[in-house]
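Labels below follow one simple rule: chain letters A, B, ... track the order of the sequence lines, proteins then strands, and each chain is numbered from 1.
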Number of protein chains: 2
Amino acid sequence: MHGTGSGPLHPVVSVPTSMYTAAVETSERLIDSAAELLWERGYVGTSPRAIQERAGAGQGSMYHHFRGKSDLAEAAMRRSAEQLRAQAEAQLATGRTAQEKAAAYLLRERDALRGCRVGRMAMDPDVIASEQLRAPVRETFDWLTGRLAAIVAEGVASGELREGLDPDDTAAAIVAVVQGGYVLARAAGSQEPFDRAVRGAVALLAAQAAPGR
Amino acid sequence: MHGTGSGPLHPVVSVPTSMYTAAVETSERLIDSAAELLWERGYVGTSPRAIQERAGAGQGSMYHHFRGKSDLAEAAMRRSAEQLRAQAEAQLATGRTAQEKAAAYLLRERDALRGCRVGRMAMDPDVIASEQLRAPVRETFDWLTGRLAAIVAEGVASGELREGLDPDDTAAAIVAVVQGGYVLARAAGSQEPFDRAVRGAVALLAAQAAPGR
DNA sequence: GTCTATAACGAGATAGAC
DNA sequence: GTCTATCTCGTTATAGAC
């Protein structure tokens, strides 16, 4: 990945001059455009042509910076994964207790009709068929469920949550509720089922407090 | 929908003779082939040509029986929805208590890597953009969440489940866990995250028993 | 680095013969 | 009802000029 624009006019470190010639590099615009289209239409529904048009770049530019559609898509998916991870990390750091942290993650404001930019890719046949393309999706959910499992485990260890609550199973259920909530919302054409699902999950978790607390 | 083959050689009721000429009608094979491909590759990833090849039918046959791709896809999605509904109804009828019924639905054996044939369509941009194509998906999840909400409501009314447990929110969460479980499984390339998520949901529900039961 | 030209192929549908 | 031919457009590149 190259540095993005708005760099210093007088670079203080030795870098290629080309990094400072454009407001935003063409390769950056291609990655962002690809990420948007992958979110909206998935991998099989996104053509190189559409990416180029949205980025305001020609055929030649795209094939100069990337080997092809899958190469650019992988870069775009890695960027989306980074953004989702930063966002989730911020939510998980919000609460004090395990319940508060999980609730902060679940209740984060989301446009459910757009779906999840990372989770969406898991339904794409060409993504699942390619180890290269699936990797960023797998890594994102591995990280997220692991992060939530650690939070639940801490809650059990500290006596906040009841003994016997399985951290891995609970974490998987929490992440699944969010991903499945997107499906329900898009099926219904409404945000409501998503909000119901996450509220339901928060309520189920609230009843897992250790007895006498 | 026409009657399927293996009909009597001497029809006892007055029906068009053509209904008895083939083992399985071409239009039926087209619908089944389309349903399979939609499950595997989604709407944007499925071409009329691929459907025809799988059904062993030519261009002419397809455009004789259906107005085009979306018309055939709608018929295929309605068939898939019927099948899912029958399957879910069987599971929900299994248990005695609300918890048993919900657990029977959640723990049903599924090939998580294949995903849900109905839920999958909710991620497809062309399906969501068309009221016609989205209808069977919306109706299926409306029915399923309504069915589960009624079961939870009965559980609360009978004193099995704690007062204050919201039936609609809980039902949405249950359905979302299953749909999200598919996403996690496909992202991981493994059945495991799906099994964890549904087990986690069953455990969360078990703790919603009314106090003193 | 970016552009245009070209190409081989598939998508999605229509037309008309049989 | 099913077949083959045809059509227009989009996809996913490669080639080479600028």
Side-chain angles (χ1 to χ4, degrees), chain A residues 1-3 5 15-31 33-34 37-38 41-76 124-127 129-130 132-133, chain B residues 1-5 15-31 33-34 37-38 40-76 124-127 129-130 132-133:
Chain A
M1 317 287 159
H2 306 138
V15 288
T17 309
S18 66
M19 288 182 68
Y20 298 95
T21 49
V24 178
E25 304 259 356
T26 299
S27 69
E28 294 294 309
R29 291 203 318 277
L30 284 165
I31 291 174
S33 298
L37 280 163
L38 289 175
R41 302 196 44 83
Y43 184 84
V44 294
T46 299
S47 69
R49 185 182 229 257
I51 298 170
Q52 293 152 24
E53 271 172 24
R54 186 169 296 207
Q59 293 271 97
S61 294
M62 195 195 108
Y63 285 99
H64 171 75
H65 291 289
F66 302 95
R67 283 190 302 274
K69 176 181 174 177
S70 68
D71 188 40
L72 172 51
E74 191 191 335
D124 202 295
D126 290 5
V127 170
S130 155
Q132 285 282 319
L133 289 176
Chain B
M1 313 293 157
H2 306 137
T4 49
V15 288
T17 309
S18 65
M19 287 183 69
Y20 299 95
T21 50
V24 178
E25 304 261 354
T26 299
S27 69
E28 294 294 308
R29 291 204 317 277
L30 284 164
I31 292 174
S33 298
L37 280 163
L38 289 176
E40 292 168 19
R41 303 195 44 82
Y43 184 83
V44 294
T46 298
S47 67
R49 185 182 230 258
I51 297 170
Q52 293 152 24
E53 272 172 23
R54 186 169 297 206
Q59 292 271 97
S61 294
M62 195 195 108
Y63 285 100
H64 172 74
H65 291 287
F66 302 94
R67 284 190 301 274
K69 175 181 174 177
S70 68
D71 187 39
L72 172 52
E74 191 191 336
D124 201 296
D126 290 4
V127 170
S130 156
Q132 285 282 320
L133 289 177

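Put simply, CD1 on I51(B) and NZ on K69(B) are 7.0 Å apart, with the number rounded to the nearest 0.5 Å. Rounded to the nearest 0.5 Å, atoms CG (L72(B)) and CZ (F66(B)) are 5.0 Å apart.
Formation of a donor-acceptor pair under 3.5 Å by the S33(B) side chain with backbone atoms of R29(B) is found in this model. With hydrogens and angles disregarded, a donor-acceptor distance shorter than 3.5 Å links the side chain of T46(A) to the backbone of L37(A).
Between dT2(D) and H65(B), a contact under 4.0 Å exists linking OP1 or OP2 to a side-chain N or O. For T26(A), a side-chain nitrogen or oxygen approaches OP1 or OP2 of dT2(C) to under 4.0 Å.
Distance, F66(B) CZ to dT14(C) C1': 18 Å, rounded to whole Å. One interatomic measurement links the two molecules: OH of Y63(B) to P of dG1(D), which rounds to 19 Å at whole-angstrom precision. The distance from atom CG of D126(A) to atom C1' of dT12(D) is 13 Å, rounded to the nearest whole Å. Between K69(B) atom NZ and dG10(C) atom P the separation is 16 Å, expressed in whole Å. Counting to the nearest Å, the P atom of dT11(D) and the CD atom of Q52(A) are 10 Å from each other. The distance between atom CZ of R41(B) and atom P of dA11(C), rounded to the nearest whole Å, is 10 Å. Remark: P of dT14(C) and CZ of R67(B) are 11 Å apart, rounded to the nearest angstrom. Computed from coordinates, the H64(B) NE2 to dT14(C) C1' distance equals 15 Å when rounded to whole Å.
When heavy atoms are screened at a 4.0 angstrom cut-off, T46(B) is found touching the sugar-phosphate backbone but no base atom. Residue contacts for G58(B): at a heavy-atom cut-off of 4.0 Å it reaches the sugar-phosphate backbone alone, with no base atom in range.
Of the candidates dA11(C), dT2(C), dT11(D), the closest approach to any side-chain atom of R49(A) belongs to dT11(D). When each of dA13(D), dG1(D), dT14(C) is scored by its nearest atom to the side-chain atoms of Q59(A), the top-ranked nucleotide is dA13(D). Proximity note for S61(A) (side chain, C-beta onward) versus dA11(C), dT14(C), dT2(C): the nearest is dT2(C).
At a threshold of 4.5 Å between non-hydrogen side-chain atoms, the residues Q132(B) and S70(B) do not count as touching.
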